[in-house]
Number of protein chains: 2
Amino acid sequence: MSEVPHNNRVSRPPAMTDVARVAGVSTQTVSRVLRNHPYVTDDKRRRVLDAVEQLGYRMNTAAQALSSGRTRTIGVVSMATESYAGAMTQSSIERAADEADYSVVGAQISTLDVDAILSALRRLEKLGSEAIILAVPLRAQDRRIEEITKRVPTVTIGGSPVRTARSLAVDQREVARLATEHLLSLGHCTVWHIAGPNDWVDAVERTAGWRDVLTDAGLTVPPMIHGDWDPESGYQAGRWLADRSDVTAVFVASDEMAFGLIRALHESGRRVPEDVSVVGVDDVRLAAYCTPALTTIAQPFAELGRAAVASVMSRLDEREDPTLNLVVRPKLIVRSSTARKRA
Amino acid sequence: MSEVPHNNRVSRPPAMTDVARVAGVSTQTVSRVLRNHPYVTDDKRRRVLDAVEQLGYRMNTAAQALSSGRTRTIGVVSMATESYAGAMTQSSIERAADEADYSVVGAQISTLDVDAILSALRRLEKLGSEAIILAVPLRAQDRRIEEITKRVPTVTIGGSPVRTARSLAVDQREVARLATEHLLSLGHCTVWHIAGPNDWVDAVERTAGWRDVLTDAGLTVPPMIHGDWDPESGYQAGRWLADRSDVTAVFVASDEMAFGLIRALHESGRRVPEDVSVVGVDDVRLAAYCTPALTTIAQPFAELGRAAVASVMSRLDEREDPTLNLVVRPKLIVRSSTARKRA
DNA sequence: ACGTCGTATGGCATCGATAACATACGGCAG
DNA sequence: CTGCCGTATGTTATCGATGCCATACGACGT
């Protein structure tokens, strides 16, 4: 052995050989103890554990990954984690992974296109992610993406189903249906809609659900307005809607835009819910506390994140996927931003 | 060489030797090309790159980490990333790290105590994090934590300064001062305070700042109420405050609690801002769009996250820390929840 | 008494990349 | 013409852990 190790670190943290030497066993036995393999006597097991304790030894993840081919890491591709839904999902994924003793590496994309997603996926694959959770609202399917998801077990959350991946999502048409039917049931003649951006599946699905309900009921479908999820865009939409006295019910694709809308209506002297009923989506934490308290559709983000982790875990362990029959239902929460249409 | 590699994978992804063989050079040359080392002729460089392209080769991170001792990974310990502040910080860190071509592994803790933080830190260290960003509002100092931060470059965000780590934070006393002085300047006789939990530094600092301003002005310090950051706790506090007619100005330690408070006041028939002025902290996205639009103290979370990354990066590269003279200032944003005290 | 089996343990090659060292070559100063 | 130096490239040991195989030992059935 030369004086200086090739990577030039002078004093290195204890390695398995150190533990083995102190415990008077082979590295192989140390390895077995640490991974709870059978065929180790209690005596040696104890000596190894003592040595580990004494040296403050912790296993080198890189070496383990290289040798075993397993990284105990899952990758998460996401977008807009600073939004309520994004943050909730991300955070529940991390907690669930943590419980399974897996680490999470994130790859955030800032633009919603195939190239961005691809580069994120490639990065995660290179890092050796054993599984990937794809939590982007991508609509397009892409062959190159599917190639990667064929190699590494993938679950998509809320994105369009990649053919080769398991897909978990709240049914966004159902979300729209709940909202729209709630408004119709209050006697409104039709329901207006402030949609999210067209490249988000969720947005498109909500729009479709909204349109379906109206069409099925034989009602006219009012022109749709597009927002960008930001409250400001809801506000702008509201400025425009406030002038039209025939607007009495609006389904807004997100709570944040909904509050923007309500503010605009308020400023124009149209009261919510007396003059206009508003339903949002997400049930953000402030929904119940702003005025008026917002009627909205809650989505089980945390459950979705947990389910995503459970699903990929089951695939890694070659167990049956516990989420196969899982149905995550959106839920209408009626508060004070909706009311029966005035005569 | 045996037929089956020891880790039992049948067809492995291309390794550097494969690239070397195809390009007709040694692995060393491949390595040099990939890391832009000098002393490689253009001819070979091209052949290597071609081979890389042809094989779809990507370097094995685990092997690289093991061999070089560098993981290009930074760890982030955080709490409550589903809150606005947490999500913003986390997300800005990831973006900044990404630009430096570093990956981020997160370690979320669910309880705010030294043991939780320690185990998170240990996990990150074991994963080989080259640097750690400690974004928890821990108050206590702890020797075991400092031991780790001595080994791996650490920046704390918004936590109490660990002696061995660089600390970045918005001055929370200043936050409180801005809020309290704003309210006093509107003619209020004193300012009430809904604080955050006592184990959060930020909360304690805000309380201290609030108390200082009142004391310096020779005013009586009203009893303080503790919340838990959740809007509901602001609401509960509001139920209690609403009965006291001498309450005309409240500084709330977070926007979410502030909206809870406002709702409670509203329900009790006390108007904001006519009867009671309210200032929050954070400037959440909805602050400007709920009614009344909330006067609040904005904090530059994104800037803080970027600065944290810049700081640890500079230490890894042994450059001068660009954030040494960085001052991140909170900013008062006056909206409609505060008004001059009525005569 | 002896082969067999299950338990317990160690030796060695290996994963994929990098650092350190060795080597080969061409140009240029003396 | 020789020796030295900078460029260009290959060889080998190494990082730290694991898989596979060999081996050793005691118990047990025959």
Side-chain angles (χ1 to χ4, degrees), chain A residues 1-21 23-48 51-52 55 57-72 125-128, chain B residues 1-21 23-48 51-52 55 57-72 125-128:
Chain A
M1 199 194 296
S2 74
E3 288 298 314
V4 173
H6 84 294
N7 59 10
N8 195 24
R9 273 173 299 161
V10 271
S11 100
R12 53 168 178 69
M16 208 177 252
T17 52
D18 301 315
V19 177
R21 182 160 23 76
V25 298
S26 72
T27 61
Q28 204 40 236
T29 301
V30 176
S31 178
R32 289 201 181 95
V33 170
L34 266 50
R35 284 178 300 151
N36 283 320
H37 269 212
Y39 303 159
V40 182
T41 49
D42 286 346
D43 169 51
K44 303 220 166 180
R45 183 181 305 275
R46 149 155 284 117
R47 273 158 59 196
V48 167
V52 165
L55 295 172
Y57 168 76
R58 257 156 302 144
M59 209 166 54
N60 180 315
T61 319
Q64 186 180 35
L66 177 59
S67 179
S68 70
R70 304 203 54 172
T71 55
R72 295 198 80 77
E125 193 186 11
K126 185 167 105 177
L127 285 172
Chain B
M1 200 193 295
S2 73
E3 289 296 314
V4 172
H6 84 294
N7 58 9
N8 196 24
R9 272 172 301 163
V10 272
S11 101
R12 53 169 179 66
M16 208 175 252
T17 51
D18 300 314
V19 177
R21 181 162 21 79
V25 299
S26 72
T27 60
Q28 199 45 231
T29 302
V30 177
S31 177
R32 290 201 181 95
V33 169
L34 266 51
R35 286 178 301 149
N36 283 321
H37 269 211
Y39 303 160
V40 182
T41 50
D42 286 347
D43 169 50
K44 304 222 165 181
R45 183 182 305 274
R46 151 156 282 118
R47 274 157 60 196
V48 167
V52 165
L55 296 173
Y57 168 78
R58 258 156 301 143
M59 207 166 55
N60 180 316
T61 319
Q64 186 179 37
L66 178 60
S67 180
S68 69
R70 303 204 54 174
T71 55
R72 295 198 80 77
E125 194 186 12
K126 185 167 106 178
L127 285 171

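Naming convention: chains lettered A, B, ... in sequence-line order (proteins, then strands); numbering from 1 in each chain.
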*asked:* With a cut-off of less than 4.0 Å, is there a side-chain N or O of T27(B) near OP1 or OP2 of dA17(C)?
replied: no
*What is the distance from NZ of K126(B) to P of dA17(D), rounded to the nearest Å?*
10 Å
*Consider the side chain of S67(A), meaning its heavy atoms from C-beta on, and name the nucleotide among dG10(D), dT18(D), dT18(C) that approaches it most closely.*
dT18(D)
*Assess whether side-chain contact (heavy atoms from CB on, under 4.5 Å) is satisfied between V30(A) and M59(A), documenting all intermediate values.*
CA-CA 11 Å; V30(A) 176; M59(A) 209 166 54; over 6 Å; no
*Which part of the nucleic acid, if any, lies within contact of V25(A), taking any heavy atom under 4.0 Å across all strands shown: a base, the sugar-phosphate backbone alone, or nothing?*
sugar-phosphate
*Rounded to whole angstrom units, what separation is found between the OH atom of Y57(B) and the C1' atom of dG16(C)?*
7 Å
*Looking at K44(B), Q28(B), R45(B), which hits side-chain contact (heavy atoms from CB on, under 4.5 Å) with V33(B)?*
R45(B)
_Which heavy atom of G128(B) sits nearest to which heavy atom of T71(B), and what is that distance?_
O-OG1, 2.5 Å
*With sequence neighbours left out, what residues match S26(A) under side-chain hydrogen bond (donor to acceptor under 3.5 Å, both in side chains)?*
T29(A)
*side-chain hydrogen bond (donor to acceptor under 3.5 Å, both in side chains) involving R47(B) - partner list, sequence neighbours excluded*: D43(B)
_Looking at S67(B) and A63(B), would you say the former's side chain and the latter's main chain have a donor-acceptor pair under 3.5 Å?_
no
*Compute the bend angle of the helix from dA1(C)-dT30(D) to dG30(C)-dC1(D) from the end axes (five pairs per end), rounded to 10°.*
50°
*May I have the distance from Q28(B) (atom CD) to dT14(D) (atom C1'), rounded to whole angstrom?*
13 Å
*asked:* Just the rounded figure in Å: distance from P of dG10(C) to CZ of R32(A).
replied: 8 Å
_Output the rounded distance in Å from CE (M16(A)) to P (dG11(C))._
15 Å
*Out of dG16(D), dC12(C), dA17(C), which has the shortest distance to the side chain of A15(B)?*
dA17(C)
*Counterpart residues, side-chain hydrogen bond (donor to acceptor under 3.5 Å, both in side chains), relative to T61(A) (two or more places apart)*: none
_Whole-Å distance separating the CZ atom of R21(A) from the P atom of dG10(C)_ = 15 Å
_Please find the pair of heavy atoms, one from A15(B) and one from R12(B), that lie closest to each other, and give the distance._
N-NH1, 3.9 Å
*Taking only the side-chain nitrogens and oxygens of S26(A), find out if one of them lies under 4.0 Å from OP1 or OP2 of dT9(C).*
no
*asked:* Classify Q64(A) by what it touches in the nucleic acid, base, sugar-phosphate, or nothing, heavy-atom distance under 4.0 Å.
replied: sugar-phosphate
_If the condition is side chain to side chain contact (heavy atoms under 4.5 Å, CB included), which residues does R46(A) pass it with, not counting sequence neighbours?_
D50(A)
_5′-ward residue of the pair V30(B)/T29(A) relative to DNA chain C_ = T29(A)
*Sub-4.0 Å heavy-atom contacts from residues 35-47 of chain A onto DNA chain C, ordered by number*: Y39(A), V40(A), T41(A), K44(A)
*What's the CG-C1' distance between L66(A) and dT14(D), to the nearest Å?*
12 Å
*Out of V52(A), L34(A), V25(A), which residue meets the side-chain contact (heavy atoms from CB on, under 4.5 Å) rule with V19(A)?*
V52(A)
*R72(B) CZ to dA17(C) P: how many Å, rounded?*
16 Å
